[in-house]
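The chains referred to below are lettered A, B, ... by the order of the sequence lines, with proteins before strands, and numbering in each begins at 1.
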Amino acid sequence: MTFDEGRGKLFVFKKWSSEGFCMIVTRFAPSPTGYLHVGGARTALFNWLLARRTGGKFLLRIEDTDMKRNTPTAMRQVMEDLRWLGIEWDEGPEVGGPHGPYLQSERRAIYDKYIRQLLDAGKAYYSFDTAEELDAARKLAETEKRSNIYRRPAVCPTEADVEKARAEGRPVTVRFAVTATEPIVVHDEIRGDVSFDPAEIGDFIILKSDGFPTYHFAVVVDDELMGVTHVIRGQEHLMNTPNHQLLQRALGFRIPTYAHMSVTVSESGGKLSKREQPKAVQKYMKEHGVIPYAALTAKIGADELEAFRSGHNDALNKVQMQDLTKFYSVKGSNVDELRGKMSAGLEIVRQLVDGRIITESELVDFLEGNSVPDIPIIEKIAEHLGIRLPEINVVDFFRSGYLPEAMVNFLALLGWNPGDGREIMSRQELVEAFDLSRVNKSNSLFDRDKLLAFNTEHIKRTPMPTLVGHFRRYLAAIESPVAKADDTLLEAIIRMNEGARTLEQIEQKTRFAFVSNDQVRYDAEAVKKVLQKGDGLAMLRAVREALAGLQELTPEGIESLLRNLAQAQKVGLGKIAQPLRVAICGTTISPPIFNAVDLLGIDNTLKRIDIALKHFA
RNA sequence: GGCCCCAUCGUCUAGGCAGGCCUAGGACACCGGGUUUUCAACCCGGCGACAGGGGUUCGAAUCCCCUUGGGGCUACCA
């Protein structure tokens, strides 16, 4: 069977329709190390799309063979995120299926059986190298500028040697013996044929010393046993594929169809990864002179530093000064600015340390790039400092008010397109148009602006009941006071915010109506510009008077009232609307003013006008 | 360093496999204008790319080679 003749749709159709029972089976196999991130979501989506397009099956398998990296809640989170995106699996955790269990940690007996098979056939052997020995070999290869290929012993260890090694406390692993001499060719649906020299592939570990199989082994066994026909995965796995094919040959397994997708890169270059968030925090800290005292005194003696801080300029020499100005990115030698930045930075450090968010030594390590705190700590720091972290995980986008429809649409178009110029597409349209042959080879940048545009478009076209559901879920997640509204009111709120780009914007523009009058936060700049400058306050008084006499509260009624008032005062509507807006919302950003007043109610509107008049007059 | 992948506007891409239909099309962003009660949304217009060099050919964005650039992998992680 040749796999590379006629890529994509035609080929795919020929295969399963002519053979009838040969259904396409794809899978998503995340390791539960945290939340589902967008790269993973894209991989899952492409697999799901192919399965749905061809009437095949999509399954979910949890690759939890690394005890050190697993986090207990990750699996549940990943499943929740997939479901939010609308990516449902036909087989896998919680839904079951004939090929279970779907957690690799529960399949150890299966792997052991196949390991034994390879061992008995002389296709794999035991090895007892320590981490230090392996490390030394790696370093040597590096200095000699060659690939690090494991050197197979002349005589393979026996079972007796295993006992002896165990007794000596040496780690026991099993390696696969790579004996191929011919080039290994991977037929890739996206890249065509890729050839690998077997001399470049060392004997790799298939069973770890803790008794768990490595990824390479587990993935091969499970894909076979679960009947996976098509493997769509990231390009980072392309180099692993010859290893997998070698194992498949040795075990007598079928070789699935492979498709290696391009990598999604971030603005800062490199793979879009969870590292982006710590990076953002680090950048903020560096820009704001957040440098722990310990790091400072390591550079400059404590006595001199204190002398400098307390105002003795000459306490520092030229070199130290240059060092500090560079450190704090202060231009020239502006001593006052330097002092200001230093104390502001130290103040932030104090808050973080006193708030027990992070210890000083951890902070030093983090800023010097020696270690990275866990994401929850990063999140706490970001929250404390008011840093907006870049969204990386699917759940981050949910919390920022994005629609799953927009995410799915955007992700699908990252490296794929329907070929007819369409961009905004529903899930159903994507399923109908998806085709492996139209998947790109080149890396693509995750363009947040474009995602925003997609979200704006999807807010416009998502049916109202669905949108209300999304909005309610969003409000609950961020614990918004707007969650008090019933569905009818939520629908009205969405309608009055026509043109909004995210659910977050809608929430931010309407929450003023759901907080008590004394909780309104007045934006200082808005107050100054709109109320206190010109005749803002006078207009506000006029508005109050007019509104007090209002008979019936409807947006239309308020509109004609305000328009008449503007005419009577011989000013544009803006001169009336803006002061009123600031008085009731606290900012210059709100839904259309007539709706805003209607939403808040006349009593509270009048009360807030009074409060504003009292405070800002 | 070694191995592998990739290369069209700032970004995502169409066109490439079947070379002339391409003075390279669309979308996002950006800039200018319009609409307007704020923020958005919306409407009109503009800027803007075949990485470089060699071939093959009557003809190359398209096929081949080299260079350059970007990315991935190089674990008892997946």
### Query
Roughly, in whole Å, what's the span from CD1 in A/Ile584 to P in B/rU37?
17 Å
## Note on the structure
In numerical order, the residues of residues 566-577 of chain A whose heavy atoms come under 4.0 Å of RNA chain B are A/Leu573, A/Gly574, A/Ala577
### Query
Looking at B/rU11, B/rA40, B/rC76, which one has an atom nearest to any side-chain atom of A/Arg501?
B/rA40
#### Entry: B/rC42: pairing nucleotide in any strand, Watson-Crick or G-U under 3.5 angstrom
B/rG34
#### Entry: Pairwise P distance for B/rG34 and B/rC39, with rounding to whole Å
15 Å
### Task
Return the nucleotide paired to B/rG10: Watson-Crick means purine N1 to pyrimidine N3 with N6-O4 or O6-N4, wobble means G-U with N1-O2 and O6-N3, both under 3.5 Å.
B/rC28
### B/rU62 - base-pair partner by Watson-Crick or wobble geometry, distances under 3.5 Å
none
### Task
Using the C1' atom on both, measure B/rA7 against B/rU13 and round to a whole Å.
13 Å
### Task
Take atom CG of A/Asn455 and atom P of B/rA41, then tell me their distance rounded to the nearest Å.
12 Å
#### Entry: Pair A/Ser426, A/His458: side-chain N/O donor-acceptor within cut-off below 3.5 Å
no
### Query
Heavy atoms under 4.0 Å, any strand shown: does A/Thr588 hit a base, just sugar-phosphate, or nothing?
base
### Message
Tell me whether the side-chain N/O atoms of A/Lys460 come closer than 4.0 Å to OP1 or OP2 in B/rC42.
### Response
yes
### Task
Could you check whether A/Phe594 gets within reach of a base, just the sugar-phosphate, or nothing at all, counting any heavy atom under 4.0 Å?
base
### Query
With a non-hydrogen cut-off below 4.0 angstrom, is A/Glu63 in contact with a base, only sugar-phosphate, or nothing?
sugar-phosphate
### Task
Please determine, by modelled atom types, if A/Tyr125 and A/Asp203 share a side-chain donor-acceptor pair under 3.5 angstrom.
yes
### Task
Please determine if a side-chain N or O atom of A/Arg495 lies less than 4.0 Å away from the OP1 or OP2 oxygen of B/rA41.
no
### Message
Any salt bridge linking A/Glu276 with A/Lys279? Criterion: basic side-chain nitrogen under 4.0 Å from a carboxylate oxygen.
### Response
yes
### Message
For nucleotides 46-53 of chain B, give me one character per nucleotide, 5' to 3': B if any protein heavy atom sits under 4.0 Å from the base, S if the only such contacts are to the sugar-phosphate, - if neither.
### Response
--------
### Query
With no angle test and no hydrogens, is the base of B/rC76 tied to the side chain of A/Thr173 by a donor-acceptor pair under 3.5 Å?
no
### Task
Quick one: label A/Thr65 by what it contacts on the DNA or RNA (base, sugar-phosphate, nothing), any heavy atom closer than 4.0 Å.
sugar-phosphate
### Query
B/rA78 P sits how many Å from A/Met239 CE, rounded?
18 Å
### Task
With sequence neighbours excluded, tell me which residues meet salt bridge (charged side-chain N to carboxylate O under 4.0 Å, His left out) with A/Glu429.
none
#### Entry: P atoms of B/rC47 and B/rA24, separation to the nearest Å
12 Å
### Summary
Assert: residue with more 5' nearest nucleotide on RNA chain B, out of A/Arg69 and A/Asn497, is A/Asn497
### Query
Whole Å only: how far is the CG atom of A/Asp447 from the P atom of B/rC9?
14 Å
### Task
Report the distance from atom NE2 of A/His458 to atom P of B/rA27, rounded to the nearest whole Å.
16 Å
### Query
Roughly, in whole Å, what's the span from NZ in A/Lys450 to C1' in B/rC12?
5 Å
### Message
Side chains of A/Thr173 and A/Ser127 only: does a donor on one sit below 3.5 Å from an acceptor on the other?
### Response
yes
### Query
Quick one: A/Leu451 CG to B/rA29 P, roughly how many Å, whole number?
12 Å
### Distance, P atom - from B/rG25 to B/rA61, rounded to whole angstrom
14 Å
### Query
With a non-hydrogen cut-off below 4.0 angstrom, is A/Asn440 in contact with a base, only sugar-phosphate, or nothing?
sugar-phosphate
### Task
With heavy atoms under 4.0 Å as the rule, sort A/Asp129 into base, sugar-phosphate or nothing.
base
### Query
Any side-chain N or O of A/Arg138 under 4.0 Å from OP1/OP2 of B/rU74?
no
### Query
So what does A/Glu423 hit on the nucleic acid, given a heavy-atom distance under 4.0 Å: a base, only sugar-phosphate, or nothing?
base
### Task
Indicate, with a heavy-atom threshold strictly under 4.0 Å, whether A/Pro591 touches base, sugar-phosphate, or nothing.
base
### Query
Do we see a donor-acceptor contact under 3.5 Å between the side chains of A/Thr462 and A/Glu405?
no
### Query
With both distances under 3.5 Å as the test, what is the Watson-Crick or G-U wobble partner of B/rG16?
none
## Note on the structure
In Watson-Crick or G-U wobble terms, with both distances under 3.5 Å, the base opposite B/rC22 is none
### Query
Between B/rA78 and A/Lys208, is there an OP1 or OP2 to side-chain N/O distance shorter than 4.0 Å?
yes
### Message
Do A/Arg116 and A/Tyr114 form a cation-pi contact, if we require the NZ or CZ to be under 6.0 Å from the six-membered ring centre and within 45 degrees of the ring's axis?
### Response
no
### Message
Base, sugar-phosphate or nothing for A/Glu236? Non-hydrogen atoms, less than 4.0 Å.
### Response
sugar-phosphate
### Task
Tell which nucleotide pairs with B/rG1, taking only Watson-Crick or G-U wobble pairs whose two distances are both under 3.5 angstrom.
B/rU74
### Task
Determine the sole option in A/Leu207, A/Val174, A/Leu247 for which the side chain to side chain contact (heavy atoms under 4.5 Å, CB included) test with A/Leu118 is passed.
A/Leu247
### Task
Whole angstrom is fine here: how far is it from CD in A/Gln104 over to C1' in B/rC77?
12 Å
### Query
Given that A/Asn417 and A/Glu200 both sit by RNA chain B, which one's nearest nucleotide is further toward the 5' end?
A/Glu200
### Minimum-distance nucleotide to A/Ser442 side chain [options: B/rC6, B/rU11, B/rA40]
B/rC6
### Query
Do we see a donor-acceptor contact under 3.5 Å between the side chains of A/Ser400 and A/Glu391?
yes
### Message
Working note: A/Phe46 + A/Phe28, criterion ring-ring contact (aromatic ring centres under 6.0 Å, His included); need CA distance, chi angles, decisive distance, verdict.
### Response
CA-CA 9 Å; A/Phe46 278 47; A/Phe28 177 55; over 10 Å; no
#### Entry: Atom P, compared across B/rA14 and B/rC30: separation rounded to whole Å
24 Å
### Query
Heavy atoms under 4.0 Å, any strand shown: does A/Leu580 hit a base, just sugar-phosphate, or nothing?
nothing
### Query
In whole Å, what separates the P atom of B/rC17 from that of B/rU62?
10 Å
### Query
At their closest point, which heavy atom of A/Ala453 faces which heavy atom of A/Arg501, and how far apart are they?
CA-NH2, 3.5 Å
### Query
Closer than 4.0 Å, any side-chain N/O of A/Arg563 to the OP1 or OP2 of B/rU37?
yes
### Query
Are any of the side-chain heavy atoms of A/Thr502 and A/Phe397 separated by less than 4.5 Å?
no
### Task
Please work out if A/Ile593 contacts a base, only the sugar-phosphate, or nothing of the nucleic acid, heavy-atom cut-off 4.0 Å.
base
#### Entry: Any side-chain heavy-atom pair of A/Phe204 and A/Tyr150 under 4.5 Å
no
### Query
Considering the options A/Arg233, A/His237, A/Arg191, which one meets the side chain to side chain contact (heavy atoms under 4.5 Å, CB included) requirement together with A/Tyr258?
A/Arg233
### Query
When we call it a touch if two heavy atoms are under 4.0 Å apart, what does A/His260 touch: a base, just sugar-phosphate, or nothing?
nothing
### Query
How is A/Gly415 classified with respect to the nucleic acid when contacts are heavy atoms under 4.0 Å: base, sugar-phosphate, or nothing?
sugar-phosphate
### Query
B/rC39 base to A/Lys509 side chain: any donor-acceptor pair below 3.5 Å?
yes
